[in-house]
Amino acid sequence: MPNAFLAISENYQFLRIKPKEGGLGTSTVLARDMDLHGYLNRTTFQTLKLSSTPTCSSSRFLSPSLHKTHKFPFPRLTTKALSTSSAAVQTSPTTTTISDDQGGKHQWKATIDFKWIKDNKETVAVNIKNRNSDANLEFILHLYDKLFILQKEVERVRGERNAVANKMKGKLEPSERQTLIEQGKNLKEGLTALEEDLAKLNDELQREAQCIPNMTHPDVPIGGEDSSTIRKTVGSSPKFSFPVKDHLQLGKELDLFDFDAAAEVSGSKFYYLKNEAVLLEMALLNWTLSEVMKRGFTPLTTPEIVRSSVVEKCGFQPRAKNTQVYSIDDSDQCLIGTAEIPVGGLHMDSILAESMLPLKYVAFSHCFRTEAGAAGTATRGLYRVHQFSKIEMFIFCRPEESDYYHEELIKIEEDMFSSLGLHFKTLDMASEDLGAPAYRKFDVEAWMPGLERFGEPH
């Protein structure tokens, strides 16, 4: 039995796109992925059209919220989750130092289209409510207005300073020059203080705004997990003439894994696979990889340590209070919780011609998650563990093709579940269960006889 892990496909990524200077054309974005651990995980993705904003910065990417939708040239990819044509937060990259709550620094910042948010305040507020998000829209807009006023003041003082500097270029009486020198000194000191306030305010606004969830697909059910709708049900629960054992009982009797030794070596929620369980996991991984490759996916193995900025661009928050991400001390790096992060960064800062699309990848990696608060009877054994192996499907496609490829991904997952003879159901997950970056998410849950309930075994 593969390790059952289910925390990620609610995140559904897009890759950003930046037009080549002076270029024309249609932007290309990413269609999101499907995870496969052992067999497969859920699929979720969407794409959107991105707008360009005047910038001289070195990278461009999407914010964790809403975006404008426009067309522009070939994409340059940076990851961040976003919505479709109804979306709003425009981002363009700047390289800046932002403080996190733990006192660390990171060098990534999205430029968000606050004007769109302000102009569509009611729509954004309803979406925040539907997503059960704690984003404080009123405070964010207050900070934005305050920032706008402060920017104007900085520009005014900077203009005065430039005017004084220009006056000093000509011939002046010594007394007049001294007066201008004093004015310039005072203006410089005042400008420095204002710019420091502006940087702090900008950082605060950035942190708050990145809490705004992505916009939501119009067909997504509104509400909590119980509001999710069933797209498909396949098979029926098996009946047994004997008491059913769960995987912990079977594993102990057949000597398939060792949790006690792993707890001593690594801590709780780690494990050693043994004997046939090792062969079973490898067989499932190899079978899954082979089946997906038959459908035109390019195989990858990925780095399992990535830069924190790439994790953020993929819609995750490695420094958040309830983060699932393991960060590496004294570095700007993290362990990956899913292969979608390094695959999402594969074409970052690249130009892709539309004729190359779609790009389909199937990636194997080990994954690491903190799984805080996951302990309990329902998650005993190989369920919500801290380390596991996973295969992930990931597609880069044109925005208008995203629905088509979303259906392709979920169909592959359902076909593989059917091939394994599993009784399962496919769910269209409700708005509160999407996770902040997600636009839409499908889960596939299989019947677990030992627990007498459906759950995600992949």
Side-chain angles (χ1 to χ4, degrees), residues 1-6 8-9 31-45 228 230-240 244-247 250-251 254 256-257 273 275-301 338-340 343 358 360-367 381-383 388-395 404-429 441-458:
M1 174 180 177
N3 310 327
F5 218 102
L6 16 139
I8 117 168
S9 66
R32 156 67 190 162
D33 67 318
M34 177 166 76
D35 309 337
L36 299 95
H37 167 226
Y39 350 114
L40 290 177
N41 196 357
R42 51 203 160 203
T43 89
T44 42
F45 80 75
S228 299
I230 298 176
R231 277 172 50 101
K232 176 188 283 189
T233 300
V234 175
S236 58
S237 57
K239 305 300 179 184
F240 300 96
V244 176
K245 298 178 181 179
D246 64 21
H247 78 281
L250 290 171
L254 299 175
L256 298 180
F257 36 67
L273 289 185
N275 300 316
E276 288 83 357
V278 176
L279 302 180
L280 175 59
E281 180 178 61
M282 290 185 174
L284 284 168
L285 292 168
N286 287 330
W287 173 72
T288 298
L289 189 64
S290 175
E291 289 298 307
V292 176
M293 287 173 62
K294 291 176 184 177
R295 293 164 167 84
F297 286 69
T298 299
L300 296 174
T301 60
T338 163
E340 76 186 64
V343 178
K360 299 181 178 182
Y361 295 107
V362 54
F364 168 80
S365 74
H366 298 101
C367 304
L382 294 173
Y383 212 80
F388 56 98
S389 304
K390 181 164 65 70
I391 291 175
E392 177 111 9
M393 293 197 295
F394 203 106
I395 296 176
Y404 172 82
Y405 287 114
H406 193 187
E407 293 297 331
E408 177 180 316
L409 291 173
I410 193 66
K411 177 68 163 52
I412 292 172
E413 183 171 0
E414 290 170 343
D415 286 349
M416 298 188 81
F417 266 66
S418 295
S419 296
L420 292 168
L422 299 175
H423 169 39
F424 66 90
K425 61 182 180 181
T426 304
L427 301 172
D428 191 349
M429 303 307 292
K441 175 170 72 102
F442 296 147
D443 277 358
V444 178
E445 296 184 350
W447 179 255
M448 298 181 173
L451 297 176
E452 296 186 331
R453 65 173 176 84
F454 284 97
E456 294 166 294
H458 61 299

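It should be emphasised that the depicted structure is a prediction, and the values quoted were computed from it without experimental measurement.
Residues Met416 and Val292 meet the side-chain proximity criterion, which asks for heavy atoms closer than 4.5 Å. Residues Leu300 and Val362 form no side-chain contact, since every pair of their non-hydrogen atoms from C-beta on lies 4.5 Å or further apart. Annotation: side chain of Asp428 is in contact with side chain of Phe442 (closest heavy-atom distance under 4.5 Å). Between Val444 and Ile410 there is a side-chain heavy-atom pair separated by less than 4.5 Å.
Using the six-membered ring where Trp is involved, Phe454 and Trp447 have ring planes that are perpendicular, over 60° apart on the 30 and 60° scheme.
By the side-chain contact (heavy atoms from CB on, under 4.5 Å) test, Thr298 pairs with Tyr361, sequence neighbours left out. A search for ring pair (Phe, Tyr, Trp, His ring centres under 6.0 Å) contacts involving Phe257 returns Phe259, not counting sequence neighbours. With sequence neighbours excluded, no residue satisfies side-chain contact (heavy atoms from CB on, under 4.5 Å) with Leu279.
Atoms OG1 and CG, from Thr288 and Leu420 in turn, are 7.5 Å apart once rounded to the nearest 0.5 Å. Between the CG atom of Asp443 and the CD atom of Glu413 there is a distance of 8.0 Å, given to the nearest 0.5 Å. Summarising the geometry, atom CZ belonging to Arg295 is positioned 5.5 Å from atom CG belonging to Asp415; distances are rounded to the nearest 0.5 Å. Separation of atoms CD (Glu291) and CG (Leu289) is listed at 10.0 Å; rounding is to 0.5 Å. One finds the NE2 atom of His423 at 7.0 Å from the OG1 atom of Thr233 (value rounded to the nearest 0.5 Å). To the nearest 0.5 Å, the span separating NZ on Lys245 from CG on Leu254 amounts to 8.0 Å.
When every heavy atom of Leu409 is checked against every heavy atom of Ile395, the shortest pair comes out as CD2-CD1, 3.7 Å. Shown here for Leu382 and Leu273, the closest heavy-atom pair between the two residues is CD1-CD2, 4.1 Å. Heavy atoms only, all atoms of each residue included: Ala363 and Val343 are closest at CB-CG2, 3.6 Å. Here the shortest heavy-atom pairing between Glu340 and Phe394 reads O-CE1, 3.5 Å. Taking all atoms of both residues into account, the shortest heavy-atom contact from Ser418 to Val234 is OG-CG1, 4.1 Å. Heavy atoms only, all atoms of each residue included: Ile412 and Phe297 are closest at CD1-CE1, 3.9 Å.
In summary, of the residues considered (Glu414, Lys411, Lys232), a side-chain hydrogen bond (donor to acceptor under 3.5 Å, both in side chains) with Thr426 occurs for Glu414 alone.
Side chain of Tyr383 to backbone of Pro457: no donor-acceptor contact under 3.5 angstrom is found. Checked by atom type and distance alone, the side chain of His366 never pairs as donor or acceptor with a backbone atom of Lys390 at under 3.5 Å.
Salt-bridge check for Glu407 with Arg231: passed, with a basic side-chain N closer than 4.0 Å to an acidic carboxylate O.
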